[in-house]
Amino acid sequence: MASSSGSQCEACRGGIGLWQAAFTSECAHTFHLRCVSGSAACPVCAARWSDAPATGPAPAPAPAPATPFSFASIPPPSTGLFGQLPSSTPNPFSSSSTPDPFSSSSTPNPAPANAFSFATPPPSSAGLFGQTAAAAANSSSQTGLFGQTSPSTTQNPISFSFSGPQPASPPSPLFTGRSLFGQQTPSTPNPFWLDSAPPATQTPSCAVCHGAMGRGQATVTSECDHTFHLRCFSGSVCPVCGARWRYEVTVAQSPPLNPTSSPPRPPLFQPPANTSTPFRFDPVSWPSASGISFGPQPPSSDTARPVPVFNDDEPVERPLDGRDTAQETASNRVLVLKTHCEHPAVARDSAVDNFTVLVHAKGPAAAAEASERAPLDLVTVLDVSGSMSGPKLELLKKSMGFVIDHLGPSDRLSIVIFSSNARRIIRLTRMSDGGKVSAKRAVESLAATSTTNIGDGLRVAAEVLDGCRHRNPIASVILLSDGEDNHTLGGFFSAAGCSKSYNDLVPLSLRRSNDHRCPPVHTFGFGMDHDAAAMHAIAEATGGTFSFIQNQAVLQDSFAQCIGGLLSIAVQEARVAVECLHPGVRVRTVKSGRYESHVVADGRAASVDVGELYADEERRFLLFLDVPGDGAAGDGAAEDGGVTPLIKVSSTYKDAATGRSVDVACEDASVRRPVVAADMEPCVEVARELFRVEAAEDIAAARAAAERGEHAKAARILDRRQEALAAAGLASDERCAELVAELRELSARVADRREYEQTGRACLLAGMSSHAQQRASTVQLFASAAPSASPFGATTGCSPGASMGSPFGGFGQLQGSPFGFGASTGASAARAPTPRFGFSFATPAMQSMVESSRKAREQQQSEPGGSLFGPK
């Protein structure tokens with residue numbers, strides 16, 4: 001915050017010198033204080049300020065009465081500090097017979113009467129800048145350090161004058177006529193200032209309230225190089241060193257806004273009033289009783305919603321109103337529900353516990369035209385720390401260009417970048433032709449530098465979304481980082497005593513809970529040095545997915561898969577309700593992954609909170625029922641060959657494009673009740689989903705074992721699940737074969753500690769994320785780590801279509817990458833193809849977008865002078 005000779009005023013483009021007052025606005029722009037005096041809006045970005053700085057000539061100070069501790073005037077020569085006479089008590093720090101080692105004179109030093117007098121330099125000694133002290137003493141008015149005029153009674157604005165006479169004395173080391181470094185002293189000497197400003201602290205804080213000064217707070221750096229919040233002071237005298245300034249600084253409230261203007265952005269915090277002790281900012285243990293809020297918080301009955309920081313988002317193209325839709329929702333544009341029972345029949349006299357019923361939900365078909373889908377608000381949070389320099393940053397720019405090109409004019413994009421700090425480089429802007437040009441220009445200006453502060457990046461993203469004046473029906477965040485947070489999680493640059501919980505990276509307004517739906521944060525771990533556990537935790541806390549990109553060359557494909565899903569969201573706030581029909585049927589448990597489920601106390605009903613669905617996206621939930629025998633059925637008993645109704649399944653959701661509430665139901669689930677039920681084939685749909693759910697549980701168990709250092713045990717857990725495929729009778733099932741190939745890959749990467757640290761942890765976490773949400777995430781690898789032979793003697797565990805260059809999100813990735821890895825020769829030829837992790841979850845819209853990305857990359861590389869980063 002302190003001014004320096006290297007700073008530049010963003011209004012006049014002139015340099016900000018060492019002794020010039022500087023103003024840093026709430027929008028983080030820096031100016032000469034004189035250049036923005038009285039301004040109510042930023043000259044650079046036009047953001048309105050909550051407080052406007054105002055300056056004027058400093059008034060002449062009134063003479064202050066002399067006191068034993070006066071800081072303004074020299075006391076009359078009466079007695080010493082402790083009451084002694086001048087001649088009776090010598091100065092214990094000087095000798096009349098010993099010459100001053102810092103003095104050019106050889107005359108012995110007479111003892112001064114007051115050892116603590118700093119008010120007046122010795123007669124005829126040269127000042128700090130060359131003038132003599134005698135001239136200064138004989139002058140009726142003096143010019144201060146910063147050009148102010150003051151009477152002779154206030155010679156030193158920060159002099160420490162104590163009662164006692166001021167006899168003539170030879171110069172001390174601080175008053176030799178020249179400083180310790182040879183320069184002359186001014187007429188109003190300051191013994192504590194030499195020739196440079198004090199060093200700036202690493203964590204700037206207000207010199208008045210001692211609170212932290214961060215982005216979004218208006219600050220002023222005075223002529224004497226002290227920095228304050230604009231609200232914390234007014235006047236023309238420095239509250240720290242007592243220096244008198246040439247200008248008087250006051251706070252002028254900004255004029256009222258006109259009806260079409262954006263409301264002002266207030267400071268992030270204000271010190272509590274009526275306190276006798278200095279206010280100190282502590283974001284770790286924030287006092288709840290003070291009424292001060294820090295960061296975005298979800299609305300609640302006892303917590304007021306925070307005032308938005310960013311409220312300059314561009315208006316949406318049109319308001320969402322289902323009544324404006326010209327035609328009714330087509331029959332193929334509704335959510336489809338189905339049920340599948342574990343067995344088609346149960347013996348009449350048999351009571352079955354944990355009878356499995358699969359509830360299958362599939363999202364509506366994709367909109368035929370882009371104008372028929374729900375528009376998106378997207379905030380990308382991009383790591384531009386020093387480790388992103390070079391090819392990584394160029395790949396990120398190309399990938400962001402692809403994203404920008406595929407957003408529609410109704411979609412809005414905001415870009416937040418972070419290194420040691422975070423800042424928004426483009427407001428939430430509609431992706432019209434002009435908006436795309438602005439967004440691409442902002443992306444091309446990115447430069448990599450400094451450290452990694454993921455927490456600050458997410459905080460700014462939350463502020464962007466929380467402050468919106470207008471909202472599209474869909475909102476989401478994409479976070480990419482290639483490193484570990486070293487500011488929020490107790491790293492070298494973090495504050496002392498900070499927590500190491502990954503949840504601390506996520507602002508409150510982005511944390512999902514049962515009563516608070518927030519935009520999901522889809523995280524991308526870039527390279528092998530990122531913090532996979534942190535990125536997975538962020539995705540888990542917000543309802544997003546975690547993807548791992550080892551092969552950096554195809555970052556664009558990973559972004560494409562995510563964007564393909566976000567641009568096809570068709571269902572919001574979906575909830576599946578289950579009601580038992582037969583009086584003896586009870587719901588015991590529900591397997592729903594990450595989705596919140598609830599079973600009523602008597603087991604007669606259950607529900608699953610599904611949330612959003614992409615177009616054609618599927619969800620499968622397993623219900624375990626208690627089915628009574630004929631004797632327990634009473635009047636509801638079925639005749640021989642009859643049917644016992646089990647459950648009724650329905651769903652209520654909001655159509656994302658129209659905003660209308662839609663209710664759907666499906667045919668009731670029931671089973672036949674013959675006298676004898678034998679030789680019945682199990683339902684493949686149910687068996688496949690049971691195998692997938694158990695495999696997902698094994699992946700989580702293997703990760704826990706690997707974190708404990710039990711890598712061999714982790715590999716055995718995954719191997720046993722592969723062997724269970726044949727026992728389940730699913731060896732010929734294509735989807736299960738793909739899942740086995742995935743488990744084999746994970747087993748190879750978890751068995752070795754070094755491989756686990758480099759790629760195994762990220763692969764496991766990406767698998768857990770994908771299976772918990774039944775949504776495609778991405779794992780882009782250079783090559784497979786698993787051997788080609790499977791436990792069943794096959795040369796590969798993948799389906800015939802699972803090639804090395806799979807365009808779908810998952811483990812599939814191109815061989816022979818531009819970085820020289822993964823060539824299908826030598827050792828890699830003996831390896832299995834990299835499996836397509838989560839391929840069954842990829843929707844047609846996601847697959848289509850990835851295919852577009854692949855073609856765009858190939859076209860860029862095939863053009864004359866083209867390369868991985870596009871035409872040169």
Side-chain angles (χ1 to χ4, degrees), residues 1-4 6-8 10 22-31 42 44-45 47 200-206 211-219 221 227 229 265 267-269 281-284 294-296 308-310 379-389 393 396 414-427 442-443 445-467 477-496 498-499 504-507 510 521 526 530-531 534 538:
M1 295 294 180
S3 62
S4 66
S7 302
Q8 184 183 53
E10 298 184 53
F23 172 73
T24 302
S25 65
E26 303 164 38
C27 48
H29 294 110
T30 304
F31 313 94
C42 178
V44 177
C45 65
T201 56
Q202 186 174 5
T203 303
S205 61
C206 177
M213 294 187 296
R215 192 196 58 77
Q217 300 171 345
T219 62
T221 301
T227 306
H229 291 115
R265 294 185 299 174
L268 293 181
F269 80 95
F281 179 79
D282 184 6
V284 177
F294 175 72
V309 175
F310 296 108
V379 180
T380 58
V381 184
L382 309 177
D383 187 345
V384 292
S385 60
S387 58
M388 284 290 294
S389 60
L393 188 61
L396 176 59
S414 179
I415 301 175
V416 174
I417 61 174
F418 66 92
S419 52
S420 56
N421 293 292
R423 62 188 179 96
R424 185 194 66 170
I425 63 173
I426 182 173
R427 65 171 180 161
V443 168
S445 69
L446 298 182
T449 182
S450 195
T451 53
T452 305
N453 194 342
I454 298 174
D456 202 38
L458 289 176
R459 179 185 61 81
V460 175
E463 291 174 354
V464 170
L465 292 173
D466 292 343
V477 178
I478 288 179
L479 167 66
L480 177 135
S481 178
D482 74 331
E484 299 182 2
D485 184 287
N486 41 34
H487 289 260
T488 309
L489 299 178
F492 179 79
F493 301 97
S494 59
C498 67
S499 173
D504 292 337
L505 294 171
V506 185
L510 290 181
V521 178
F526 197 30
H530 75 281
D531 189 342
I538 293 169

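We use all heavy atoms of the structure for the numbers below, so side chains are in, but hydrogens, waters and symmetry mates are not. In this chain, numbering begins with 1 at the start of the sequence shown.
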What are the two closest non-hydrogen atoms of [X] and [Y], and how far apart are they?
| X | Y | answer |
| --- | --- | --- |
| Ser445 | Ala442 | OG-O, 2.6 Å |
| Ser481 | His530 | O-CB, 3.7 Å |
| Val381 | Ala461 | CG2-CB, 3.6 Å |

* Working for side chain to side chain contact (heavy atoms under 4.5 Å, CB included), residues Phe418 and Asp383 -> CA-CA 5 Å; Phe418 66 92; Asp383 187 345; 3.5 Å; yes
Nearest-0.5 Å distance that lies between atom [atom1] in [X] and atom [atom2] in [Y]:
| X | Y | atom1 | atom2 | value |
| --- | --- | --- | --- | --- |
| Ile417 | Asp456 | CD1 | CG | 11.5 Å |
| Leu505 | Thr488 | CG | OG1 | 5.5 Å |
| Leu382 | Ile425 | CG | CD1 | 7.0 Å |
| Ser414 | Ile426 | OG | CD1 | 7.0 Å |

* Asked: Taking only residues two or more places apart in sequence, or in another chain, which ones meet Ala448 in a side-chain contact (heavy atoms from CB on, under 4.5 Å)?
  -> Met388, Ser389, Leu393
* Quick one: which of Thr451, Thr449, Thr452 gives a side chain to side chain donor-acceptor pair (under 3.5 Å) with Ser385? -> Thr452
* Show your reasoning for whether side chain to side chain contact (heavy atoms under 4.5 Å, CB included) applies to Ile538 and Ile454. => CA-CA 10 Å; Ile538 293 169; Ile454 298 174; 4.0 Å; yes
* Leu465 side chain near Val477 side chain, heavy-atom distance below 4.5 Å -> yes
* Find out whether Asp531 and Asp485 are in side-chain contact, i.e. whether some heavy atom of one side chain is under 4.5 Å from a heavy atom of the other. => no
* Asked: Does any donor atom in the side chain of Ser419 or Ser450 lie under 3.5 Å from an acceptor atom in the other side chain?
  -> no
